[in-house]
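I have placed the structure first, in the form of structure tokens, so that the comments after it can refer back to it.
One-based numbering, in listed order, for ligands and for the atoms of each.
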Amino acid sequence: MNADKLLTQLHGLKTVFDDKESELTALDREIGDGDHGVNMKRGFNAVDDKVAGGSTKEVLKQTGMTLMSSIGGASGPLYGFSFVKMSDAANDEIDADNLAEMLEIFSKTVADKGKVEGGEKTMYDVISKSADVLRETGGLKMEDLQQLAEDTKDMIATKGRAAYFKEKSKGTIDPGAQSAVYIIHALGEGVN
Ligand code: ADP
Ligand code: MG
Ligand code: MG
């Protein structure tokens, strides 16, 4: 995946999050404040508008800055800062090995910034396992990523707004886990 392809994949997330807005809103209404659909839609509409080009590093950094300033909520700084951090590791041509490296950084950044571990029912439960999926299966198939999001259903949230729901957070996929599926899938498509 060169810079042009990366830009195409990131711009493509505008359409994905336009389509998935109501799904993410519904999940966040169950265990949050119902804005995750709008937040992600606003974020990737801004990426489509504002991120114009440059090297892979520049594209990722601009994407992160744009997400940080447009998403708001808990997810904005987590996704935004992660893209800025991933830019450090990106090669001019991102292959599967390089993408796995970037996903490790994504995971580490969310862990550090969110002070989160696995099993707390957040985006981290998808992000932290994605590099292994890529290495083990040679790709990032939607069904494999979706399974990681489904796995958050039975978890009890201990981070973010969902934590207020305690036991009642059980039975719903975490909204950020679901949005992470779409972001990581789009990056994976770029290296295939
Ligand atoms: P807000 O909760 O501020 O309304 P969003 O609805 O956009 O923000 O994002 C909620 C998502 O953010 C959650 O579903 C969860 O995946 C993620 N999240 C919240 N807090 C944390 C945290 N400390 N670490 C990792 N992810 C988190
Ligand atoms: Mg919310
Ligand atoms: Mg909110």
Side-chain angles (χ1 to χ4, degrees), residues 10 13-48 50 63-86 102-133 140 142 144-187:
L10 292 170
L13 280 167
K14 172 203 178 319
T15 315
V16 172
F17 284 112
D18 283 349
D19 290 348
K20 302 297 184 184
E21 179 189 354
S22 56
E23 178 195 44
L24 296 172
T25 297
L27 294 176
D28 201 32
R29 266 200 197 122
E30 290 297 322
I31 57 169
D33 56 356
D35 62 357
H36 195 58
V38 172
N39 284 346
M40 297 308 293
K41 179 179 165 145
R42 197 189 314 114
F44 279 94
N45 270 269
V47 168
D48 188 48
K50 296 196 177 120
T63 296
M65 303 295 281
T66 304
L67 292 177
M68 257 190 259
S69 63
S70 62
I71 295 187
S75 57
L78 292 170
Y79 281 140
F81 203 55
S82 294
F83 271 91
V84 171
K85 284 290 199 182
M86 281 193 282
M102 287 164 56
L103 292 172
E104 297 284 10
I105 291 172
F106 195 171
S107 173
K108 195 181 177 315
T109 307
V110 171
D112 289 351
K113 233 185 146 46
K115 299 188 169 47
V116 67
E117 294 173 7
E120 294 196 276
K121 197 181 182 94
T122 69
M123 58 170 71
Y124 183 72
D125 291 304
V126 170
I127 298 162
S128 61
K129 296 195 171 141
S130 59
D132 280 348
V133 169
L140 290 161
M142 187 55 108
D144 292 337
L145 294 172
Q146 187 59 39
Q147 187 56 52
L148 298 176
E150 300 290 333
D151 290 345
T152 67
K153 219 171 180 172
D154 290 336
M155 296 175 187
I156 296 171
T158 48
K159 284 282 165 5
R161 286 176 193 280
Y164 296 117
F165 291 76
K166 300 199 172 90
E167 277 280 340
K168 286 189 182 135
S169 66
K170 259 189 164 178
T172 303
I173 292 176
D174 175 67
Q178 190 60 59
S179 61
V181 167
Y182 302 132
I183 292 174
I184 294 167
H185 185 251
L187 294 173

Check step by step if salt bridge (charged side-chain N to carboxylate O under 4.0 Å, His left out) holds for K108 and D112. CA-CA 6 Å; K108 195 181 177 315; D112 289 351; 3.0 Å; yes
Apply side chain to side chain donor-acceptor pair (under 3.5 Å) to residues E23 and Y182 and explain how you reach the verdict. CA-CA 12 Å; E23 178 195 44; Y182 302 132; 2.5 Å; yes
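With respect to atom 17 (C) of ligand 1, the closest heavy atom belonging to the protein is M123 CE, 3.9 Å. With hydrogens left out, the protein atom closest to atom 16 (O) of ligand 1 is D174 OD2, 2.5 Å, a heavy atom. The closest protein non-hydrogen atom to atom 5 (P) of ligand 1 is H36 ND1, 3.4 Å. What sits closest to atom 8 (O) of ligand 1 on the protein, heavy atoms only, is A74 N, 3.1 Å.
A side-chain N or O of S179 and one of H36 form a donor-acceptor pair less than 3.5 Å apart. Using modelled atom types, one finds a donor on one side chain and an acceptor on the other under 3.5 Å when comparing N45 with D18. For the residue pair E120/Y124, the side-chain donor-acceptor check at 3.5 Å is not satisfied.
Near D33, with a cut-off below 4.0 Å to any heavy atom, the atoms of ligand 1 are 4 (O). Of all the atoms in ligand 1, the ones that sit under 4.0 Å from a non-hydrogen atom of D28 are 6 (O). Listed by number with element, the atoms of ligand 1 under 4.0 Å from a non-hydrogen atom of S75 are 5 (P), 7 (O), 8 (O), 9 (O).
Distances from ligand 1 to the non-hydrogen atoms of R161 include at least one value under 4.0 Å. Residue contact check for ligand 1: G32 places no non-hydrogen atom closer than 4.0 Å to it.
D125 places none of its side-chain heavy atoms less than 4.5 Å from the side chain of D151. Counting heavy atoms from C-beta outward, L148 and V181 have side chains that stay 4.5 Å or more apart.
Ion pairing of D33 with R161 is present here, as a side-chain N (NZ or NE/NH1/NH2) and a carboxylate O approach within less than 4.0 Å.
For the residues G76, G160, A163, the heavy atom positioned nearest atom 20 (N) of ligand 1 is part of G160. If you check each of G114, G73, A157, A149 against atom 22 (C) of ligand 1, the one with the closest non-hydrogen atom is G114. Nearest residue to atom 27 (C) of ligand 1 from L78, N39, I127 is L78 (criterion: closest heavy atom).
Checked against a 3.5 angstrom limit, the closest N/O atoms of V116 and ligand 1 fall outside it. Between Y124 and ligand 1, not a single N/O pair is under 3.5 Å apart.
Under a 3.5 Å cut-off, the side chain of R42 and the backbone N or O of S70 do form a donor-acceptor pair.
Between F44 and F83, the two ring planes are perpendicular [angle over 60°; tilted spans 30° to 60°].
Of all the N, O or S atoms in D33, the one closest to the Mg ion (ligand 2) is OD1. D35 contributes atom OD1 as its closest N/O/S atom to the Mg ion (ligand 2). Looking at D28 and the Mg ion (ligand 2) together, the shortest N, O or S contact belongs to OD2.
Exactly one of I173, T172, T122 qualifies for a side-chain contact (heavy atoms from CB on, under 4.5 Å) with T152. That residue is I173.
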